[in-house]
**Student:** 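Dropping a structure here in structure tokens format, bear with me for questions.
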Number of protein chains: 2
Amino acid sequence: MEKYVQILKKNCLKVTPQRLEILKYLDTHRTHPTADTIYSNLKNNNPSLSKTTVYNTLQHLDEHGLVYTLTISGSESRFDSNINPHHHFLCKICSNIIDIDIECPNVKKVEVGGHRIDEVHGYFKGVCASCLKESNNGED
Amino acid sequence: MEKYVQILKKNCLKVTPQRLEILKYLDTHRTHPTADTIYSNLKNNNPSLSKTTVYNTLQHLDEHGLVYTLTISGSESRFDSNINPHHHFLCKICSNIIDIDIECPNVKKVEVGGHRIDEVHGYFKGVCASCLKESNNGED
DNA sequence: CCTTTAATTTGTAATCATTACAATATGATA
DNA sequence: TATCATATTGTAATGATTACAAATTAAAGG
């Protein structure tokens, strides 16, 4: 837990139990959870936790570059604590989001056509290996 | 207008005035409009138009590959009738979305790590050239 | 040109994620 | 330990999107 205390302090963020829990959850669950998923899972051991706090905290963490906000699905934001630049794959069947480590020359760009780039998002959409396999089995 | 009739017929979509109007709007307004923007603009000359129809039509067009649905902003979908593969830039200041034609080896991929790729979205976020210029002027 | 039928359109109501806001509580600092 | 700015909480509001059922209409055939 000291690890997360240090992260918050280093970023001039006030250390609160809620922030520590959320940070820890993101760090130990690399499943690109939604705000609601984080809330539901932490609520058990933190009955007083408010969903607004989850949203507020995620926004602060994003602003300090501690999490990455994915808008890949369109209907809800998902949060990723993997800071290393990488892409994402959304499966249309199971809705899982999979990290894609791929060589991409564009993630190193800082400007394009005179526009200053702060973030690069690479989203692939399709059918994941696991769902492909299942659908093949079904056709056997 | 015959152009849009042909496009719908070619894709086995029933030809209706609403669909023609929406298709025409998208083709002549390459500004990545939201469903609401499309609705508001067409409503004037088509008083009976329903917002549900706009959403339904956009979904059909997307399913037939006639429009591209952008989830870049997080809060609302935006629609693009430019079918050529390209990337997008979202300006945090003015919220405009700008087409980015950039060399990207990933748009040609059909699979990655065993996952079948149907769509590739490249999103850049930052400050556009126009807003950068304005903020510089302000500091003079 | 008329009939039929399945698909489309429409309007309203519901849903769901997210944000606004004001009152209360709390971490950091002196 | 007192102070104060900041964080948390709960509720209410917002806004995009979807569900649904009734009315309408495009397309195909006779």
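All values below were derived from every heavy atom in this structure, side-chain atoms included, with hydrogens, water molecules and symmetry-related copies excluded. Order of the sequence lines fixes the chain letters, A, B, ..., with proteins taken first and strands second; residue numbering starts at 1 for each chain.
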**Student:** Would you check if the side chain of A:H115 reaches a backbone N or O of B:A129 as a donor-acceptor pair within less than 3.5 Å?
**Tutor:** yes
**Student:** Return no unless some side-chain N or O of A:Y55 is found under 4.0 Å from OP1 or OP2 of C:dT18.
**Tutor:** yes
**Student:** Please give, in whole Å, the distance from D:dA27 P to B:L8 CG?
**Tutor:** 9 Å
**Student:** Mind checking the OG-CD spacing from A:S77 to A:Q59? Nearest 0.5 Å is all I need.
**Tutor:** 10.5 Å
**Student:** Counting only side-chain N and O atoms of B:S48, is one of them less than 4.0 Å from OP1 or OP2 of C:dT10?
**Tutor:** yes
**Student:** Check the distance between D:dA7's P and A:L58's CG and give it to me in whole angstrom.
**Tutor:** 14 Å
**Student:** Would you give a per-nucleotide map of nucleotides 22-30 of chain C, 5' to 3', where B means the base has a protein non-hydrogen atom under 4.0 Å away, S means only the sugar-phosphate does, and - means neither?
**Tutor:** -----SS--
**Student:** Under 4.0 Å, heavy atoms only, any strand: does A:T34 hit a base, just the sugar-phosphate, or nothing?
**Tutor:** nothing
**Student:** Does B:Q59 place a side-chain N or O at less than 4.0 Å from the phosphate oxygens OP1/OP2 of D:dT17?
**Tutor:** no
**Student:** Quick one: B:L49 CG to C:dT8 P, roughly how many Å, whole number?
**Tutor:** 16 Å
**Student:** Once you round it to whole Å, what is the distance between P of D:dT18 and NZ of B:K51?
**Tutor:** 13 Å
**Student:** For A:N46 and D:dT9, what is the distance between atoms CG and C1' respectively, to the nearest whole Å?
**Tutor:** 14 Å
**Student:** With side chains defined as the heavy atoms from C-beta onward, is the minimum distance between B:T37 and B:F79 less than 4.5 Å?
**Tutor:** no
**Student:** With a 3.5 Å cut-off and heavy atoms only, can you find an N or O donor on one side and an acceptor on the other between the side chain of A:T57 and the base of D:dA7?
**Tutor:** no
**Student:** Given atom OH of A:Y39 and atom P of C:dC16, what is their separation to the nearest angstrom?
**Tutor:** 16 Å
**Student:** Just the rounded figure in Å: distance from P of C:dT9 to CD of B:E21.
**Tutor:** 12 Å
**Student:** Could you check whether any side-chain heavy atom of B:H32 comes within less than 4.5 Å of a side-chain heavy atom of B:D80, counting everything from C-beta outward?
**Tutor:** yes
**Student:** Among D:dA16, D:dG10, C:dT10, find the nucleotide with the atom closest to the side chain of B:E76.
**Tutor:** D:dA16
**Student:** Say whether, by atom type as modelled, one donor and one acceptor occur between the side chain of A:T57 and the main chain of A:T53 under 3.5 angstrom.
**Tutor:** yes
**Student:** Send over the distance from B:N56 CG to D:dT17 P, rounded to a whole Å.
**Tutor:** 13 Å
**Student:** Is any side-chain nitrogen or oxygen of B:Q18 closer than 4.0 Å to OP1 or OP2 of C:dT10?
**Tutor:** yes
**Student:** About how many Å separate CG of B:D101 and CG of B:N82, when rounded to the nearest 0.5 Å?
**Tutor:** 7.5 Å
**Student:** Over 60° means perpendicular and under 30° means parallel, so tell me whether B:H121 and B:Y68 are parallel, tilted or perpendicular.
**Tutor:** parallel
**Student:** Relative to the 5' end of DNA chain C, which residue comes earlier, B:K43 or B:R19, by the nucleotide with the nearest heavy atom?
**Tutor:** B:R19
**Student:** Donor-acceptor check, side chain of B:K125 to backbone of B:I72, threshold 3.5 angstrom: yes or no?
**Tutor:** yes
**Student:** Indicate whether OP1 or OP2 belonging to C:dT19 is found under 4.0 Å from a side-chain N or O atom of A:T52.
**Tutor:** no
**Student:** Test for a donor-acceptor pair under 3.5 Å between the base of D:dA7 and the side chain of A:T53, counting only N and O atoms.
**Tutor:** no
